[in-house]
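Comments concern the structure below.
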Amino acid sequence: AGRPPRGPRTKSDDDAVRNLDNAVVRGFAWTAGAKWATQLITWASVLVTARLLSPRDFGLLDMSAFFVVVTGTAAEFGISVAVMQMHELDRRLFAQLHTVAMAIATLAFGFCILAAPWLADFFHARELKVLVVVDGVTFLIAGFQAISFGLLQRDMDYRRISLSEAVGAIGQAVVTVAGA
């Protein structure tokens with residue numbers, strides 16, 4: 001009762017639906033492929049790292065990674081989601097949101113720096129202090145890419161999103177194995 005009557009479907013309506021369907025299928029393919037590739041790369045680096053490190057050192061690495069993941073969950077920016085949903089943003093607002101994202105990222109990194117000595121003392125492992133600080137650098141990277149990631153999501157550019165996630169996973173794997 002509340003909807004206006006619709007006329008017959010036009011060719012442009014069919015083309016729009018077909019284009020959206022194609023975008024969804026391509027997006028799913030890119031996302032699934034990147035997730036599988038990322039998982040394979042991550043698991044391979046974990047297995048190589050576990051083989052290279054002693055059980056104690058691998059446990060320290062895992063404790064540091066766990067702390068950073070928990071801190072990351074608490075410091076979830078949400079800025080890329082805002083950029084994705086708000087089509088009316090202009091360059092000035094993008095710059096302001098980028099500043100906010102970097103401020104939040106810097107605070108999260110600072111929290112890692114402040115918490116690192118406490119964690120090292122709590123677990124009686126002075127090596128943990130350096131690991132937490134180094135792992136905390138990922139917050140700065142995430143803050144730097146928040147706006148770009150939101151724009152890619154808004155534009156439904158799943159290919160670039162997937163490629164950037166895969167490159168990030170490869171970079172993290174290389175750094176982890178090289179550090180081990």
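Residue numbers count from 1 along this sequence.
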Same cluster or not: are [X] and [Y] linked, directly or through other Ile, Leu, Val, Met, Phe, Trp or Tyr residues, by side-chain heavy atoms under 4.5 angstrom apart?
{"X": "Ile113", "Y": "Leu140", "answer": "yes"}
{"X": "Phe28", "Y": "Tyr158", "answer": "no"}
{"X": "Leu128", "Y": "Leu53", "answer": "yes"}
{"X": "Leu151", "Y": "Val81", "answer": "no"}
{"X": "Leu93", "Y": "Val100", "answer": "yes"}

Gap between atom [atom2] of [Y] and atom [atom1] of [X] - 0.5 Å precision:
{"X": "Phe109", "Y": "Leu114", "atom1": "CZ", "atom2": "CG", "answer": "10.5 Å"}
{"X": "Leu89", "Y": "Phe94", "atom1": "CG", "atom2": "CZ", "answer": "5.0 Å"}
{"X": "Leu97", "Y": "Ile147", "atom1": "CG", "atom2": "CD1", "answer": "4.5 Å"}
{"X": "Leu60", "Y": "Met63", "atom1": "CG", "atom2": "CE", "answer": "4.5 Å"}
{"X": "Gln145", "Y": "Ile79", "atom1": "CD", "atom2": "CD1", "answer": "12.5 Å"}
{"X": "Met86", "Y": "Arg154", "atom1": "CE", "atom2": "CZ", "answer": "10.5 Å"}

_Which atom of Gly143 lies closest to which atom of Ala105, heavy atoms considered_ = CA-CB, 3.8 Å
Partners meeting ring pair (Phe, Tyr, Trp, His ring centres under 6.0 Å) with [X] (sequence neighbours left out):
{"X": "Trp118", "result": "Phe122"}
{"X": "Phe144", "result": "His98"}
{"X": "Phe67", "result": "Phe111"}

_If the condition is side chain to side chain contact (heavy atoms under 4.5 Å, CB included), which residues does Val175 pass it with, not counting sequence neighbours?_
none
*Applying side chain to side chain contact (heavy atoms under 4.5 Å, CB included), name anything that partners Leu52, two or more places apart in sequence or on another chain.*
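Only Val48, Val177, Ala180 meet the side chain to side chain contact (heavy atoms under 4.5 Å, CB included) criterion with Leu52.
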*asked:* The test is side chain to side chain contact (heavy atoms under 4.5 Å, CB included); show your working for Phe139 and Thr106 and say whether it passes.
replied: CA-CA 7 Å; Phe139 291 121; Thr106 303; over 6 Å; no
Polar side-chain atom of [X] near backbone of [Y] as donor-acceptor pair, under 3.5 Å:
{"X": "Ser164", "Y": "Ile161", "value": "yes"}
{"X": "Thr38", "Y": "Ala34", "value": "yes"}
{"X": "Ser45", "Y": "Thr42", "value": "yes"}
{"X": "Ser64", "Y": "Leu131", "value": "yes"}
{"X": "Thr138", "Y": "Asp135", "value": "yes"}

*asked:* Other residues, nucleotides and ligands only: do more than 12 of their heavy atoms fall within 6.0 Å of CD on Gln172?
replied: no
_Beyond-backbone contact of Phe66 with Leu61, side-chain heavy atoms, under 4.5 angstrom_ = no
*Side chains of Cys112 and Val133: closer than 4.5 Å at any heavy-atom pair?*
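Of all side-chain heavy-atom pairs linking Val133 with Cys112, none is under 4.5 Å.
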*Report the residues that fulfil salt bridge (Lys or Arg N to Asp or Glu O under 4.0 Å) with Arg56, sequence neighbours left out, ordered by chain and then residue number.*
Glu127
*Tell me, with the steps shown, if Lys35 and Glu165 meet side chain to side chain contact (heavy atoms under 4.5 Å, CB included).*
CA-CA 8 Å; Lys35 295 294 182 192; Glu165 288 177 353; 3.5 Å; yes
